[in-house]
Every structure is written in structure tokens, then in C-alpha cells.
Amino acid sequence: MGIKNCPECGKLYMENPSGLCPECYAKEEVYEHQIGEYLREHGKASVEKIHEETGVKEKIILRMIKSGRLLVDGVSLISYPCDMCGVPIYEGRICAKCGSSFSKQVKEVWRDKENSNSQRDGLRMYSKDDFKK
Ligand SMILES: [Zn+2]
Ligand SMILES: [Zn+2]
């Protein structure tokens, strides 16, 4: 356990599993409750809408979604924009479409690396089997 800066208010606090100082954590519990109530009443909503209705900062809502705190009966009801193209998504960082083109790009980058490595020193550092996992 060490001393850290709270990512929300910037104050120093004793490190804890919530990743926030006790004050901000207490606030988040209140937000979580407010947002949960809203979702139960209205069903699916975007982060923007939740922000308008509850006044909770979008940044905080996103963080709570990503730590899995805003599930209603185990289901995510809040949409937020895909990191790459901005379409609304309910889980992960990018939509399925970007996900498939992204993994294709990654494979291409790795293939390039493989080529340049084998040209440079004749070593094969990456095997094609790595991509199948
Ligand atoms: Zn704080
Ligand atoms: Zn996308």
C-alpha cells in the first residue's frame, strides 16, 4: 500500500482497491445508485443522456462502465462511442466492425516485423502460430 494521487480530485490518499480517494469513492457510490435507478426506470441510454439526467461527468460514467459497476442484472445498458469510429457500443473499447479491421491491421504489422527481423539478422522471432491463439 502506498500513497497515490486521486485521479478524480488530485488529492493524496492511501492506495486502495477502488483506485480513488475515500471521498471520491463515496461520491461514486451515490452516482452509481442514481444511475442504477435511472437505468431501471428508463432502460438503455447513452453516456451523454445519463450525464444530462444525473449530472454525473461522462468521464466518471465511462470509468464506472469499464470497471463493470453499472450493470443492471448483469447487463450493460449504457452505450458509449467506439474508440475508433464513434458508433454506440455497450462493451469493450471498440465496435465489432472496428475490432475485426483492427485485428487485421495488427496481423499486418506483425508480419512486417517478422519480415524485417528475418532480413536483418536471419532470426525468426515471431511464428505465424502466434496469431492462431
Ligand atoms: Zn478524490
Ligand atoms: Zn467502431
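Order of appearance sets the numbers: ligands from 1, and atoms from 1 within every ligand. Values below: every heavy atom of this structure, side chains too, minus hydrogens, waters and symmetry copies.
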Exercise. Between K27 and E8, is there a salt bridge with N-O shorter than 4.0 Å?
Worked result: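 So E8 does not pair with K27 through a salt bridge.
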For this session: Report, rounded to 10°, the angle at the Zn ion (ligand 1) between the two atoms SG (C21) and SG (C24).
Result: 100°
For this session: Please calculate the SG(C6)-the Zn ion (ligand 1)-SG(C9) angle and round it to 10 degrees.
Result: 110°
Seminar exercise, completed: All heavy atoms of L70 vs all of L39, minimum pair found to be O-CD1, 3.9 Å
For this session: Grab the two heavy atoms, one from H51 and one from V56, that are nearest each other, plus how far apart they are.
Result: ND1-O, 2.7 Å
Exercise. Can you tell me if Y13 uses its side chain to pair, donor with acceptor, with the backbone of G19 under 3.5 Å?
Worked result: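 Yes, because the side chain of Y13 sits within donor-acceptor range (under 3.5 Å) of the backbone of G19.
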Problem set entry | Apex the Zn ion (ligand 2); atoms C98 SG and C95 SG; angle rounded to 10 degrees | 100°
